[in-house]
Amino acid sequence: MDSENLNKGYQPGEVENRWYAYWEEQGLFTASEDKDEKPFSIVIPPPNVTGVLHMGHALNITLQDILCRYRRLCGDNVLWVPGTDHAGIATQNVVERHLAAEGIDRHEMGRERFVESVWQWREKYGGAIIRQLKSLGASCDWSRERFTMDEGLSQAVRKVFVELFEQGLIYRGNYIINWCPRCSTALAEIEVEHEEHEGRLYHIMYPYKYGQGGPVVATTRPETMLGDTALAVHPDDKRYKDISEDRVILPLTGREIPVIRDEYVDMEFGTGALKITPAHDPNDFAVGEKHNLARLKVIADDGIMTADAGDFAGMDRFECRQAVVEELKKQGLLIKIEDYTHSVGHCYRCATVVEPNLSKQWFVKTGPLAQKAIDAVRQSKTRVIPEKWESDYFNWMENIRDWCISRQIWWGHQIPAWTCESCGELIVSMQEPSSCPSCGAEGLVRDPDVLDTWFSSALWPFSTMGWPEKTKLLETFYPTSVLVTGFDILFFWVARMMMMGIHFMKEVPFRDVYVHALVRDEDGKKMSKSSGNVIDPMDVIENYGTDSLRFTLAAFAAQGRDIKLSEKRIEGYRHFINKLWNAARFAFMHITEPYPVFESQSLSLPDRWILSRLRRASDDVKDALDNYHFNDGANIMYRFVWNEFCDWYLEAAKPALYGRYDEEKSIAAKAALWRVLHDTLILLHPFIPFVTEEIWHKLAGTDGSIMTAAIPGSDSRYQELSVDKEAEDDMDLLMGIITAVRNIRGEMNISPSVNLSVMIQSGQQKVRETVAGHNDMISTLARLSDIKIGDAGEKPAGTATAIVGDASVSVHLEGVIDFSKEIMRLDKEIAKLDKEMQGLSKKLENQGFLSKAPESVIEKVKNQYNENAEKIEKLKSNREKIKSIESVQS
RNA sequence: GGGCGGGUAGCUCAGGUGGGAGAGCGACGGCCUUACAAGCCGUAGGUCACAGGUUCGAGCCCUGUUCCGCCCACCA
């Protein structure tokens, strides 16, 4: 037992560093591969290597750590796999910007040197995110840390690619894809963010080849008209029924284009005529394919107009838009311009307006994979929590489109595909082939593209455990127990892991998916650097300590609701950490040895009560954590520690602890105090690991760590606590009496320094005995000089009275009493009870209620009614008595 | 255009399967009571967004309205 005093206020900084190092040194985060133990596993959502921790990470990590630490305390064999993601486009952008600041362009460097410099960047900054995870207290098994581009994972990526290709689930083709001109790469559908944009709708006339006038089309992107290869109208559209010509002249180019008829056209919109640009619009692409139209690419991949744009070639796409509009105006073909709000796609990495563009890319055929992923959730092989996300998951999976997986960047997994320069043969293979298997030539050119980042993260749950090898780790820990993630990557990541996991492991990647909220600022806005409303977790940790941050996040992590975070709240929970700290300081003043034993017969009522309450708190917290109700768990402990343990138990136990009673009582109180503090620390440890370890270590002696302790109820060294209903009822009575006296004191404005004398009366012997037996406790907590006990009789004169259950408490106020004040207080009390009575009696007069409500409910209402009636009667008679005294006196 | 979530005390939010609403912060009053002033004791504050409906009984279930937020969608 370390009896040296704790600091007066809790100082988190030093404590946190010390314990984290200790845990790592002792190997307490390391999972065992022994599969006989009950496994619990989580793979971390790998943060971007070059990233900086934000509040979303802090929440995500905190929740995972709570689960891992909780499961360890339950005795499970816990594996939490940490790691980072290479985050292709995002990282390449960061490094490019960095190089640009030094005046270096990546194209000048060449691919090899650029990739090398990204690796260097990773070496330099990749550790930052890991250090930040550690400062959050993350109990990851760092011996198994992985990176999405390390050797093993690269192997897994190639194997998956090759197998999917061989199974016909990966193909290459010319399709319209979303192109980001800034990142100069293709993007998948999901990587495009649509945003409402105030633009213009340009109405342009396409003159008939023969005759006057012509149909008018509307477009928001006039520059694309240069690539039009048809004009479409609805087959039933009467306005165009009589067109004798089947060709119109495309303005500015003089090209003749056909008029086609297709039901895709909406007759209601504008003039019912639609321009068709197969190379620059996904819908037009589909229409073009159906009608076998030419695909004319007028905007190049860099956003510059191509030679096919004629006079406009070489212009930037937006510049070209202006020029086209000007020219059309000149020619009188621009009929009108309307303001028009429509949604515009932006790159999710750099916010540049994306350009739908014709391009040859690699795709994953998602249909068959998605179906199995849907079935798995339908059959509850994987649960989604909260359940409401299931419908989003189904909706997305059911409407999934093929996944464009090639990216025209340099940082990432290069696609393992080669083309033979002599015969054009396409070779997909794990290893680089030395010669063409078809013609034997040696000139093979590797596809320069890399894979979408999410392709490698889709394999994360099994690639990190050694797949494609059949490892013991996979055998023991796959499927993982739960995936904890934010909904923003439900589709990007979770959906793809489901597809890949099921396909390659023949088993879902996780049993549960817990989807947590987004952390917003105090006004409910998304935190972002541009809005300047970001709260940096590292600042918070610096100022308030990790435990405060973690407890705050947990306490606000109600399912299905976003967290609005403000510093004020973090400060509030720091008070809680400090409260716990001080309670421990108090305990250490009295506890002299670890693991004291108590004889249950020598326990006092407060001892029995707090042990019973502890049992309930323990059950409730375990239940909450088993069901991902993090906020409930945190709040249960908050209330137990503050409102029950500190406010009542410690105060009630003081006389015994200070040795005011006999030795036996003192020992019992110390033992109970030790036990409650001990178990409380364990129950709190998943939420606030540092402060609990610091206190626990002192409490339990110097050996071991709280991390290896056992959750209450699972350690045979201690007798299991049970709920003690009698103790709870008796304590309720005593606390009620004490509160009643304090209330009267407050309302009467009587200084706490004045000791009062009270009379407690009850018709029930049990009540009188309980009061008599705890005379001292009541006196201490209510600051009384004297307690008299009597049966239900006349209320003593000159007193203020309150009714507590079956007892009435009369506080002697001779000399101090202010009669008018007391009458006011009684009136208030009576009015309150009266109001309650009205509701109750209304119910009891209702025949429907009496005949249809369950017996127990009726009984409850009746009891309450009778109790209230009695109380009111007593209070009224008190009031009359005071009134008569008052009138005698005056 | 579809879908989802939310509107509860001044503020931020809890309120599994319907039985007269809770907490924290803030406010107000009183306390340096030997763990804690980052504290202790007490008090006040709510037509549970609005309107209907189901029910003996609705914050909770149903319908409609309204205001916020989010997700999804190829209408030029």
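- Once rounded to the nearest 0.5 Å, the distance linking CG of Asn395(A) with CD of Glu390(A) reads 13.0 Å.
- Only the P atoms considered, C74(B) is 27 Å distant from C67(B), to the nearest whole Å.
- Of the candidates C36(B), C72(B), C41(B), C41(B) carries the atom nearest the Arg742(A) side chain, counting heavy atoms from C-beta on.
- Of the candidates A35(B), A76(B), C74(B), the closest approach to any side-chain atom of Arg585(A) belongs to A35(B).
- Of the residues near RNA chain B, Phe576(A) and Gln847(A), the one whose nearest nucleotide (by heavy atom distance) lies more toward the 5' end is Phe576(A).
- Identified under the side-chain hydrogen bond (donor to acceptor under 3.5 Å, both in side chains) test for residues 737-753 of chain A, with sequence neighbours left out: Glu747(A)-Lys828(A), Ser751(A)-Ser753(A).
- With hydrogens and angles ignored, a donor-acceptor pair closer than 3.5 Å exists between the side chain of Glu651(A) and the base of A35(B).
- Straight-line distance between the C1' atoms of A14(B) and G24(B): roughly 10 Å, to the nearest whole Å.
- OP1 and OP2 of G3(B) both lie 4.0 Å or more from every side-chain N or O belonging to Lys388(A).
- In this structure, the side chain of His629(A) does not engage the main chain of Leu625(A) through any donor-acceptor pair within 3.5 Å.
- Not a single donor-acceptor pair, N or O on each side, falls under 3.5 Å between the base of C25(B) and the side chain of Lys568(A).
- Between the side chains of Thr277(A) and Lys275(A), at least one donor N or O sits under 3.5 Å from an acceptor N or O.
- Using atom P as the reference point in both U65(B) and A27(B), the two lie 42 Å apart (nearest Å).
- Residues Tyr202(A) and Tyr340(A) place their aromatic rings such that the two centres sit no closer than 6.0 Å.
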> RNA chain B in dot-bracket, Watson-Crick or G-U pairs under 3.5 Å, [ ] crossing, | other strand?
Replying inline: ((((((((.[[[[.)...(..]]]].(((((.......))))).....[[[[[..)....]]]]])))))))....
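- Here, C60(B) and G20(B) have their P atoms 13 Å apart, quoted to the whole Å.
- Comparing the P positions of U47(B) and C75(B) gives a spacing of 45 Å, expressed to the nearest Å.
- Using a 3.5 Å distance cut-off with no hydrogens or angles, the side chains of Tyr348(A) and Glu193(A) do not pair a donor with an acceptor.
- Near RNA chain B, meaning a heavy atom under 4.0 Å away, the residues from residues 335-343 of chain A are Tyr340(A).
- In this structure, the side chain of Glu651(A) does not engage the main chain of Trp648(A) through any donor-acceptor pair within 3.5 Å.
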Expected rows: protein N/O vs nucleotides 13-19 of chain B N/O, under 3.5 Å:
| from | atom 1 | to | atom 2 | distance (Å) |
| --- | --- | --- | --- | --- |
| C13(B) | OP2 | Lys564(A) | NZ | 2.9 |
| A14(B) | OP1 | Arg561(A) | NE | 2.7 |
| A14(B) | OP2 | Arg561(A) | NE | 2.8 |
| A14(B) | OP2 | Arg561(A) | NH1 | 3.1 |
| A14(B) | OP2 | Arg561(A) | NH2 | 2.9 |

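- Taking a cutoff of 4.0 Å between a charged side-chain nitrogen and a carboxylate oxygen, Glu289(A) and Arg295(A) qualify as a salt bridge.
- The residue among Ile738(A) and Ala583(A) whose nearest nucleotide of RNA chain B lies closer to the 5′ end is Ala583(A).
- Between the NZ atom of Lys654(A) and the C1' atom of U34(B) there is a distance of 8 Å, given to the nearest Å.
- Contact between the side-chain N/O atoms of Arg783(A) and the OP1/OP2 oxygens of C41(B) is not found at any separation under 4.0 Å.
- Between Arg221(A) and Glu355(A) a salt bridge is recorded (basic side-chain N to carboxylate O distance below 4.0 Å).
- Remark: the separation of the C1' atoms in G26(B) and U43(B) is 14 Å, to the nearest Å.
- Nearest nucleotide to the side chain of Asp392(A), out of C74(B), G42(B), C71(B): C71(B).
- Using a 90° window around 0 for the glycosidic torsion, G45(B) falls inside it and is classed as syn.
- Residues satisfying the salt bridge (Lys or Arg N to Asp or Glu O under 4.0 Å) test with Asp623(A), not counting sequence neighbours, are none.
- Formation of a donor-acceptor pair under 3.5 Å by the Asn582(A) side chain with backbone atoms of Asn578(A) is found in this model.
- Residue Val809(A) forms a side chain to side chain contact (heavy atoms under 4.5 Å, CB included) with just one option from Ile778(A), Val804(A), Ile738(A), and that option is Val804(A).
- Applying the 4.0 Å criterion to OP1 and OP2 of A35(B), one finds that Tyr658(A) has a side-chain N or O inside that range.
- Across C71(B) and A44(B), the matching C1' atoms stand 42 Å from one another, rounded to whole Å.
- Comparing C75(B), C70(B), G29(B) by their nearest atom to the side chain of Phe487(A) picks out C70(B).
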Each nucleotide N or O in nucleotides 43-48 of chain B that has a protein N or O under 3.5 Å away: list the pair and distance.
| from | atom 1 | to | atom 2 | distance (Å) |
| --- | --- | --- | --- | --- |
| U43(B) | OP1 | Asn743(A) | ND2 | 3.4 |

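- Ring to ring, Tyr393(A) and Trp389(A) are not that close: their centroids are 6.0 angstrom or more apart.
- Separating the C1' atom of A9(B) from that of A23(B) is a span of 11 Å, rounded to the nearest Å.
- The heavy-atom pair separating Pro251(A) from Tyr206(A) by the smallest distance is CD-CD1, 3.7 Å.
- The 12-atom threshold is not exceeded at CD of Glu542(A), counting heavy atoms of other residues, nucleotides or ligands nearer than 6.0 Å.
- When the side-chain nitrogen and oxygen atoms of Trp642(A) are compared with OP1 and OP2 of C40(B), one or more of them lie within a distance under 4.0 Å.
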